[in-house]
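Here it is, the structure, as structure tokens.
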Amino acid sequence: MDVKKQLLNLTPYQPGKPMDEVKRELGLERIVKLASNENPYGCSPKVQKAILEQLTNAATYPDGYARMLRETLASQLGVKEKQLIFGNGSDEVIQIISRALLSHDKNTVMPTPSFPQYKHNAVIEGAEIREVPLKNGYHQLDEMLRQIDEKTAIVWLCSPNNPTGTYINNELLISFLNQVPAHTLVVIDEAYKEYVTAVDYPESINLLKDYPNLLITRTFSKAYGLASFRIGYGIAQENLLQRIEPVREPFNTNSMAQAAATAGLTDQAFINECKNKNKEGLKQYYNFCEEMNLAYYKSEGNFILIDFQTDADELFQFLLKKGYIVRSGMALGFPTCLRITVGTFEQNNEIISYLREYKMKQAI
Ligand SMILES: *Cc1c(COP(=O)(O)O)cnc(C)c1O
């Protein structure tokens, strides 16, 4: 029995060890996970009530149209209901788009290093992959444009970019969109949009009316603190989404997730508070980096990539023994860097003191 030959080059996603197992192995009392850019403050307290109410509906299929969530989100974003597509995480939205547009006779252009799912899905669909390296952490939009030809089905942008935290400003984005041919879909992954404070970050939804080939993805996994429920969405012109929709499984998002996301949307005070605390947390890291003379990227997300000029896996292990799980840059294309999710004030302080200890020891 043969699987598709393009699958031979792929490895299954390697999940991190369960936290309880790590705790036992290392004899730790508590572990703080700052590895996957989850919200350190959890989610809005309004969410719990909403999902408890859903418990009685377990035997019923979810609403495949996600009506409540759709209405709430459409009115909040100022778009039409049919301008939204929901997925089991924005991961699934990326998969749906890839399945709808990519095939062996198409190519797709993407930045690297960036979010791995663009490439992963393109490999599965058998499309040619054209990766354009970041320059100083930023998308090389000019080079990405040069890579687009008549067979380019999708060009991916990630802003803020995971793992660098850098963003594409309004002027650069518009100039880029003006040069992308109509047959190429531009996807902007805005998974961290709720955290952005840069004043020249594009209000990309306002661009949708002018660019029928633009699709924005967002998620409830990060600022909304709902990663375990798996729910995200895409926004585009209605006509584009109607052509993509047949790929979506009819019941791809579940009732709990829909209810949780709807409740989360009604609590923008919570999102604002998280955004402000995140900004303060980033400052803690910036100050530390300046003090220690470490290179880093200014981040518009809830994470920071810092170059420790050391073997990232070793530093990862050092922090793990102290009870902190972060992301080694080794697998992210930055072998001497760590990507650290911004935690609470206390968590940031503590991890920074361990990092200082490590660098001091190294200096001896
Ligand atoms: C986390 C993340 C996603 C995926 O989020 P879901 O949990 O699948 O909604 C998508 N894009 C980027 C850049 C991310 O960091």
Side-chain angles (χ1 to χ4, degrees), residues 13-16 33-40 42-43 47 66 69 73 84-99 108 110-122 131 134 137-139 154-168 186-196 201 204 215-235 248-249 252-254 256-258 260-262 264-265 271 274 278 297 299-305 325-327 329 331-334 337-342:
Y13 178 73
Q14 293 293 325
K33 185 169 171 250
L34 298 176
S36 303
N37 306 339
E38 292 136 331
N39 189 333
C43 62
V47 166
L69 174 57
L73 184 59
L84 297 171
I85 183 169
F86 292 96
N88 195 296
S90 56
D91 271 5
E92 196 202 13
V93 179
I94 294 167
Q95 183 190 53
I96 291 171
I97 298 166
S98 303
R99 189 157 182 206
T108 174
M110 61 191 69
T112 184
S114 190
F115 191 59
Q117 292 309 107
Y118 319 139
K119 182 173 180 178
H120 184 84
N121 283 290
E131 294 180 283
L134 301 177
Y138 285 84
H139 287 56
I154 310 175
V155 53
W156 302 89
L157 306 177
C158 188
S159 178
N161 185 51
N162 181 359
T164 49
T166 50
Y167 72 105
I168 300 169
V186 180
V187 180
I188 314 183
D189 184 339
E190 296 187 341
Y192 300 95
K193 146 134 192 129
E194 293 80 6
Y195 285 111
V196 173
Y201 183 79
S204 51
L215 194 156
I216 304 154
T217 65
R218 292 185 188 166
T219 181
F220 289 97
S221 298
K222 306 285 161 60
Y224 283 92
L226 300 174
S228 77
F229 285 110
R230 313 302 306 124
I231 187 148
Y233 58 98
I235 324 162
R248 186 181 65 80
E249 296 283 331
N252 64 329
T253 64
N254 68 77
M256 295 262 189
Q258 292 176 22
T262 308
L265 282 173
I271 298 296
C274 293
N278 181 65
Y297 293 111
S299 175
E300 291 295 326
N302 66 337
F303 56 88
I304 182 167
L305 190 76
I325 306 182
V326 298
R327 199 62 207 273
L332 302 178
F334 292 95
C337 298
L338 292 184
R339 190 194 68 195
I340 305 170
T341 303
V342 176

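Each ligand, and each atom within it, is numbered from 1 in the order the structure gives.
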Who pairs with Glu131 by side-chain hydrogen bond (donor to acceptor under 3.5 Å, both in side chains), at least two apart in sequence or on another chain?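 If we apply the side-chain hydrogen bond (donor to acceptor under 3.5 Å, both in side chains) test to Glu131, skipping adjacent residues, the hits are Lys119.
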Which residues satisfy the side-chain hydrogen bond (donor to acceptor under 3.5 Å, both in side chains) test with Ser90, sequence neighbours excluded?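 For Ser90, no residue satisfies side-chain hydrogen bond (donor to acceptor under 3.5 Å, both in side chains) once neighbours in sequence are set aside.
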Ring centres of Tyr192 and Phe303 under 6.0 Å apart?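 When the ring centroids of Tyr192 and Phe303 are compared, they turn out to be within the sub-6.0 Å range.
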Taking non-hydrogen atoms within less than 4.0 Å of ligand 1, which protein residues qualify?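 Residue list for ligand 1: Gly89, Ser90, Asp91, Phe115, Cys158, Asn162, Asp189, Ala191, Tyr192, Thr219, Ser221, Lys222, Arg230.
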Contacts of type side-chain hydrogen bond (donor to acceptor under 3.5 Å, both in side chains), residue Tyr224, not counting sequence neighbours: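 Counting only residues at least two positions away or on another chain, Tyr224 forms a side-chain hydrogen bond (donor to acceptor under 3.5 Å, both in side chains) with Gln268.
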Does the ring center of Phe220 lie less than 6.0 Å from the ring center of Tyr233?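 Yes - the distance between ring centres of Phe220 and Tyr233 falls below the 6.0 Å cut-off.
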I'd like to know if Glu38 pairs up with Lys33 as an ion pair, taking the criterion as any Lys NZ or Arg NE/NH1/NH2 lying under 4.0 Å from an Asp or Glu carboxylate oxygen.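 Judged by the 4.0 Å cut-off on N to carboxylate O distance, Glu38 and Lys33 do form a salt bridge.
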